[in-house]
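What follows is a single structure, written as structure tokens, with notes after it.
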Amino acid sequence: MKSLLFNDFDKSKIIELLQNNNIPEENNYLIVTKNRSIKEGLIKLLINSTYNAIDASLQYLLVFTSDAIYEARISGEVLDFLKRGEISFNKYKHNEISDFNIEKKMTKHIISWKAGGKIYSYEVDKFQGIYGFVKENFNYLQENNFFRKT
């Protein structure tokens, strides 16, 4: 099934972006959102509901390679960011990552890890959403242990 909003042309923009940043590509990327605990979500809601709504809509590009996990925020209209190439990546080397975990829930998968004393946690929509390649890429990554050696 082709995605209506993120077709093969758009997927090629991700591949081009990865190549331009010298990041290997082989269906090893996902579009995800931040995973928030209920407690964290309530605290942010109490602080500022507008900030919470914007924060909840942020999307990230995660790329898994044999040496690291790359993360880039691609908030707003994904296509505009990809077209302009205005994405910078954070790199988390495998030897700096601990507690890597995949939690399978009813409608999503939660990918989390610790690096530099901070916990990173992201949600992957099990039902593809608007990005038709995500389910296929997730399955590929899972078959390859997310390119982790352990």
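Quick note: numbers below take in every heavy atom, side chains included, and nothing from hydrogens, waters or symmetry partners.
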Report whether Ile15 and Leu62 are members of the same hydrophobic cluster (ILVMFWY, side-chain heavy atoms less than 4.5 Å apart, transitive linking). yes
Between the CZ atom in Phe64 and the CD1 atom in Ile111, the distance rounded to the nearest 0.5 Å is 4.0 Å
Ignoring hydrogens, what is the shortest heavy-atom contact between Ala115 and Tyr120? Give both atom names and the distance. O-CE1, 3.6 Å
Would you give the length of the straight line joining atom CZ of Arg148 to atom CD1 of Ile69, rounded to the nearest 0.5 angstrom? 6.0 Å
Any chance you could measure Asn27, atom CG, to Phe133, atom CZ, to the nearest 0.5 Å? 9.5 Å
Ring geometry between Phe100 and Trp113 (parallel below 30°, tilted from 30 to 60°, perpendicular above 60°): parallel
Step by step, would you call His109 with Lys126 a side chain to side chain contact (heavy atoms under 4.5 Å, CB included)? CA-CA 7 Å; His109 300 294; Lys126 273 187 170 180; 3.2 Å; yes
Drop me the distance from Leu18's CG to Leu61's CG, to the nearest 0.5 angstrom. 6.0 Å
I'd like to know whether Leu141 forms a side chain to side chain contact (heavy atoms under 4.5 Å, CB included) with Asn28, so could you lay out the CA-CA distance, the side-chain angles of the two residues, the decisive distance to 0.1 Å, and finally the verdict. CA-CA 6 Å; Leu141 287 164; Asn28 57 338; 3.9 Å; yes
Give the intermediate values and the outcome of side chain to side chain contact (heavy atoms under 4.5 Å, CB included) for residues Phe89 and Val63. CA-CA 9 Å; Phe89 286 91; Val63 186; 4.2 Å; yes
Any Val124 side-chain heavy atom under 4.5 Å of Val134 side chain: yes
Glu71: salt bridge (Lys or Arg N to Asp or Glu O under 4.0 Å) partners, not counting sequence neighbours: none
Does the pair Lys91 and Asp67 meet the rule for a side chain to side chain contact (heavy atoms under 4.5 Å, CB included), with working shown? CA-CA 10 Å; Lys91 181 178 181 179; Asp67 69 322; 3.5 Å; yes
Pairwise side-chain contact, Phe138 with Val32, heavy-atom cut-off 4.5 Å (strictly under): no
Rounded to the nearest 0.5 Å, what separates atom CZ in Phe146 from atom OG1 in Thr65? 13.0 Å
By the salt bridge (Lys or Arg N to Asp or Glu O under 4.0 Å) test, which pairs, at least two apart or in different chains, include something from residues 107-117? Asp99-Lys114, Lys108-Glu123
Interatomic spacing from CD1 in Ile110 to NZ in Lys104 - rounded to 0.5 Å: 13.5 Å
